[in-house]
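Below is one structure; the comments refer to it alone.
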There are 2 protein chains.
Amino acid sequence: MKDTNSLLNQINNKPLRERILDILRDAIVSGDLKPGQTLVETELAARFGVSRAPLREALQILNNEGLVETIPYHGTTVRRLTRTDIEELYSLRSVLETFAVRRIIAHNSAENIEVLRKLYDDMLAAAEAGDLALVNSIDRAFHDTLLELSQHSLLLSTWNVVSMRVRQVMALLNRRNSDLRTIAYNHLPIIDAIADNDEERAAALIQKHVAASGDLIAEGWSENGGEP
Amino acid sequence: MKDTNSLLNQINNKPLRERILDILRDAIVSGDLKPGQTLVETELAARFGVSRAPLREALQILNNEGLVETIPYHGTTVRRLTRTDIEELYSLRSVLETFAVRRIIAHNSAENIEVLRKLYDDMLAAAEAGDLALVNSIDRAFHDTLLELSQHSLLLSTWNVVSMRVRQVMALLNRRNSDLRTIAYNHLPIIDAIADNDEERAAALIQKHVAASGDLIAEGWSENGGEP
DNA sequence: CGTCTGTCGATTGTCGACAATCGACACAAT
DNA sequence: ATTGTGTCGATTGTCGACAATCGACAGACG
């Protein structure tokens, strides 16, 4: 076992392509790579110290996920987000999340409610501590958990693609610091409706919840997230 | 312009990866490549007369679409379809298609109805001619059209992935020749509900329509579509 | 002055060779 | 007989070099 360099060898059990993919994806959804920015294979390969092959494969996956756009023989750019994109993103998100909640209620269990309540408590604590990043993180975890609890792997993988892009949108528009506690509070009625097995109420609440944030985002959208 | 070989040069304006992708995808969804079958890169590359690079990229896209499964350093196989897969496939399909219909009704137009009626007429004609393949083809076109008319590109691309796998399922289970006219007839009420702008009725019909065929498929599913 | 044409540079697409990894099998030790 | 171990073969992962393609720009021509 030869550990001359530490960073690369510590998590060395994944193919290069996967590691590069994670790094690039994270850079895009966190807004470090701005929409419209061009990604040159040669450049990136040199920066990561790998050849173009695994890098190309990573870019290809990002392309399939809709995070970048590749024009043959011309280049790859971080995908630009139009207002229409955002509307589509949030409307589909609403549909997927509503479906998930209906399924959770269809085969409900006490543990589900516990898990969700725990997340709510954590979120509220983070909100009262004024920790915006943590609130956002738990917020994501809450919705991811809803999708996981639906026990629908195809739905989950679809969700992962959508939620990643939603995350990108939010990163590009650093969420206004509306009262953090309000963000947390908004999740409680949803948990209650699920606990009550009230499918219609839960569905309506989710739709309202998602539509609200979607409208908020679309409203303050300036159509160009990067340089022209 | 040197046309020594004909087949490759005729449609030469797309990257190799795309052409290979189309061929492989078609082979999978049409059932020529059976679930569980292993796809060896070297072998396929030789058969297509290309190097492994574009072939790998094609396989990667198929992997993202869920049509094949790649185990690192071990191999790629056509993904097996379990009963759970089929239930997930049809339940998500129902959700997506319902959403599409709701959107169509939300901004309806007379042309939409015309397009759908035209497809229905063609399907009926094919049914009366006893042309199973054509009926199936128009059936697919009908549902694809619903998704296109919804004017939601993200929904459409999600649909494309799902519908491809649905198509594979149907190919593996060569649809029993229940009366073809019945298949056609089933689509008429949906068109009528859309024409009437009756969102709830259309949504209910779509759900019933998809659930019916989903149950039919899942019922007669033998769990192993390929060799063990 | 406008338009067509050809060359150039940058980037992606493709190739063939080599390295890394994993499961299976044989074989030895207990 | 069982368990551990090492080697081997098959397959994917990675690399560096070369080819193909496209847009932009310059220059000739009307």
Side-chain angles (χ1 to χ4, degrees), chain A residues 1-5 7-24 33 36-64 67-80 227-228, chain B residues 1-24 33 36-65 67-80 227-228:
Chain A
M1 196 184 291
K2 44 178 179 179
D3 272 6
T4 53
N5 45 4
L7 273 174
L8 281 179
N9 284 19
Q10 275 179 349
I11 346 172
N12 211 354
N13 34 11
K14 282 205 298 186
L16 278 183
R17 140 193 46 151
E18 307 263 352
R19 281 181 280 171
I20 295 171
L21 176 61
D22 288 342
I23 294 174
L24 285 179
L33 289 173
Q37 185 160 350
T38 72
L39 303 177
V40 180
E41 296 177 0
T42 316
E43 225 174 77
L44 290 176
R47 172 144 18 130
F48 286 117
V50 301
S51 93
R52 273 178 57 217
L55 195 127
R56 271 176 72 79
E57 298 183 346
L59 285 182
Q60 197 132 77
I61 295 176
L62 290 176
N63 188 47
N64 282 117
L67 287 176
V68 305
E69 203 165 7
T70 299
I71 301 171
Y73 291 105
H74 208 319
T76 300
T77 61
V78 179
R79 179 154 174 195
R80 289 174 189 284
E227 63 275 27
Chain B
M1 197 185 290
K2 43 178 179 179
D3 273 8
T4 54
N5 46 3
S6 56
L7 273 174
L8 281 179
N9 284 20
Q10 276 179 349
I11 346 171
N12 213 353
N13 34 11
K14 282 204 298 185
L16 278 183
R17 142 193 44 151
E18 308 261 353
R19 280 181 282 170
I20 295 172
L21 176 61
D22 289 342
I23 293 174
L24 285 179
L33 289 173
Q37 185 159 350
T38 73
L39 304 177
V40 180
E41 295 176 1
T42 316
E43 225 174 76
L44 290 176
R47 175 145 14 133
F48 286 117
V50 302
S51 92
R52 274 177 57 216
L55 195 125
R56 272 176 71 79
E57 297 183 346
L59 285 182
Q60 197 131 71
I61 294 176
L62 291 176
N63 188 45
N64 280 117
E65 292 175 348
L67 288 176
V68 304
E69 201 166 8
T70 300
I71 301 173
Y73 292 104
H74 207 343
T76 300
T77 62
V78 179
R79 178 154 175 195
R80 290 174 188 284
E227 62 275 25

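Every chain is numbered from 1 and lettered A, B, ... according to where its sequence line falls, protein lines coming before strand lines.
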*With a 4.5 Å heavy-atom cut-off, do Glu65(B) and Ile61(B) have their side chains touching?*
yes
*When the distance from CD of Glu41(A) to C1' of dT21(D) is rounded to whole Å, what number comes out?*
14 Å
*Rounded distance (Å) that lies between atom C1' of dG9(D) and atom NE2 of His74(B)*: 12 Å
*Identify the two heavy atoms, one from Lys14(A) and one from Asp22(A), that lie closest to each other, and give their separation to 0.1 Å.*
NZ-OD2, 2.9 Å
*Spacing between Tyr73(B) atom OH and dA19(C) atom C1', to the nearest angstrom*: 9 Å
*Whole Å only: how far is the CG atom of Leu21(A) from the P atom of dG13(D)?*
14 Å
*Round to the nearest Å and state the distance from Glu18(B) atom CD to dT12(C) atom P.*
15 Å
*Could you state the CZ-P distance from Arg17(A) to dT21(C), rounded to the nearest angstrom?*
14 Å
*asked:* Between Ala53(A) and Ile71(A), which residue's closest nucleotide on DNA chain C lies nearer the 5′ terminus?
replied: Ile71(A)
*How far apart are the closest heavy atoms of Leu59(B) and Val68(B), and which atoms are they?*
O-CG2, 3.8 Å
*Starting at atom CD of Gln60(B), determine the distance to atom P of dT14(C), rounded to an integer number of angstrom.*
15 Å
*Round to the nearest Å and state the distance from Leu62(B) atom CG to dT12(D) atom P.*
14 Å
